[in-house]
Amino acid sequence: MAKIQFSRGVDEEVVPDVRLTRGRSGETGTATFVFENPKILDQASTDDITGMYLIDEEGEIITREVKAKFVNGRPEALEAVYLMKSPEEWDRFLRFMQRYGDENGLGLSKNE
């Protein structure tokens, strides 16, 4: 089962909008996740957010690049960025996203 967590052991129920970009060489890339009103923000403290953990049967992909977006002083969204620095990291990420997408009804659309 593919899942996303911001605090270990707490699965995020909100399905994110995910944008991918790939470097010109095809060897690097960036995945930007935007979670609108994620469950983790319902907690009394956001101190529990320690990163974004992408977990599946192959293991775990971790990024610490997680930022909150605030509207009128209240957190409304989380944005997480995962940088892929090799073809192996890119391939591993795509395998995770295929599993996560299949389980959560996400599809791929290319922006030409």
Side-chain angles (χ1 to χ4, degrees):
M1 181 171 149
K3 56 190 173 184
I4 298 176
Q5 298 178 348
F6 290 104
S7 179
R8 293 207 185 269
V10 181
D11 295 349
E12 181 53 58
E13 295 171 3
V14 172
V15 177
D17 176 43
V18 183
R19 284 172 266 135
L20 291 174
T21 57
R22 198 159 188 182
R24 290 183 189 270
S25 68
E27 301 209 357
T28 62
T30 303
T32 304
F33 293 74
V34 177
F35 296 81
E36 296 292 333
N37 298 306
K39 182 179 84 169
I40 192 77
L41 294 180
D42 291 342
Q43 298 181 4
S45 170
T46 57
D47 291 344
D48 293 337
I49 299 173
T50 56
M52 183 177 69
Y53 307 92
L54 311 176
I55 303 165
D56 65 10
E57 58 263 23
E58 286 187 57
E60 194 173 70
I61 300 170
I62 302 170
T63 182
R64 303 285 184 209
E65 295 291 322
V66 179
K67 299 175 189 164
K69 291 186 178 185
F70 290 82
V71 176
N72 296 326
R74 298 184 53 83
E76 294 284 322
L78 286 179
E79 181 179 282
V81 176
Y82 174 62
L83 299 175
M84 294 158 275
K85 299 175 182 154
S86 71
E88 294 78 21
E89 286 182 356
W90 179 265
D91 291 342
R92 169 66 179 102
F93 175 78
L94 290 181
R95 289 192 306 274
F96 170 83
M97 284 308 298
Q98 182 66 50
R99 292 179 186 112
Y100 186 80
D102 289 348
E103 292 177 19
N104 293 282
L106 290 177
L108 176 67
S109 61
K110 292 187 179 186
N111 199 6
E112 300 298 326

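These numbers come from the heavy atoms of this one structure, side chains and all, not from hydrogens, waters or symmetry mates. We're numbering straight along the sequence, starting at 1.
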Q.
If I take atom OG1 from residue Thr50 and atom CZ from residue Arg8, how far apart are they, to the nearest 0.5 angstrom?
A. 6.5 Å
Q. Which atom pair, heavy atoms only, marks the closest approach of Ala77 to Leu41?
A. N-CD1, 3.9 Å
Q. Hey, what do you get for CZ (Phe35) to CD (Glu12), rounding to the nearest 0.5 Å?
A. 6.0 Å
Q) Can you name the nearest heavy-atom pair linking Gln5 to Gly9, along with the distance? A) OE1-N, 3.0 Å
Q) Is Arg74 atom CZ crowded by more than 12 heavy atoms from other residues, nucleotides or ligands, each under 6.0 Å away? A) no
(Q) Tyr53: which residues meet the ring pair (Phe, Tyr, Trp, His ring centres under 6.0 Å) condition with it, sequence neighbours left out? (A) none
Q) If you take all heavy atoms of Ala31 and Phe93, which pair is closest and at what distance? A) CB-CZ, 3.4 Å
Q: Measure up the Phe96 and Tyr100 rings against each other and bin them: parallel (under 30°), tilted (30 to 60°), perpendicular (over 60°).
A: parallel
Q: Please check if Ile49 and Ile55 belong to a single hydrophobic cluster, counting links between Ile, Leu, Val, Met, Phe, Trp and Tyr side chain heavy atoms closer than 4.5 Å.
A: no
Q.
Measuring from atom CE of Met84 to atom OG1 of Thr28, what distance do you get when rounded to the nearest 0.5 angstrom?
A. 8.5 Å
Q | Leu20 reachable from Val34 in the ILVMFWY side-chain graph, under 4.5 Å edges | A | no
Q | Distance (rounded to the nearest 0.5 Å) between Lys69 NZ and Glu36 CD | A | 7.0 Å
Q: Tell me, please, which residues at least two apart from Glu13 pass salt bridge (Lys or Arg N to Asp or Glu O under 4.0 Å).
A: Lys39
Q. Less than 4.5 Å apart, any side-chain heavy atom of Met97 and any of Asp56?
A. no
Q | Side-chain (Thr63) to main-chain (Val81) donor-acceptor, under 3.5 angstrom | A | yes
Q) Closest heavy-atom contact between Ala80 and Val66? A) CB-CG2, 4.0 Å
Q) What distance separates Met1 CE from Glu103 CD, expressed to the nearest 0.5 Å? A) 6.0 Å
(Q) According to side-chain hydrogen bond (donor to acceptor under 3.5 Å, both in side chains), who are the partners of Thr32, at least two apart in sequence or on a separate chain? (A) none
Q) What distance separates Leu78 CG from Ile40 CD1, expressed to the nearest 0.5 Å? A) 8.0 Å
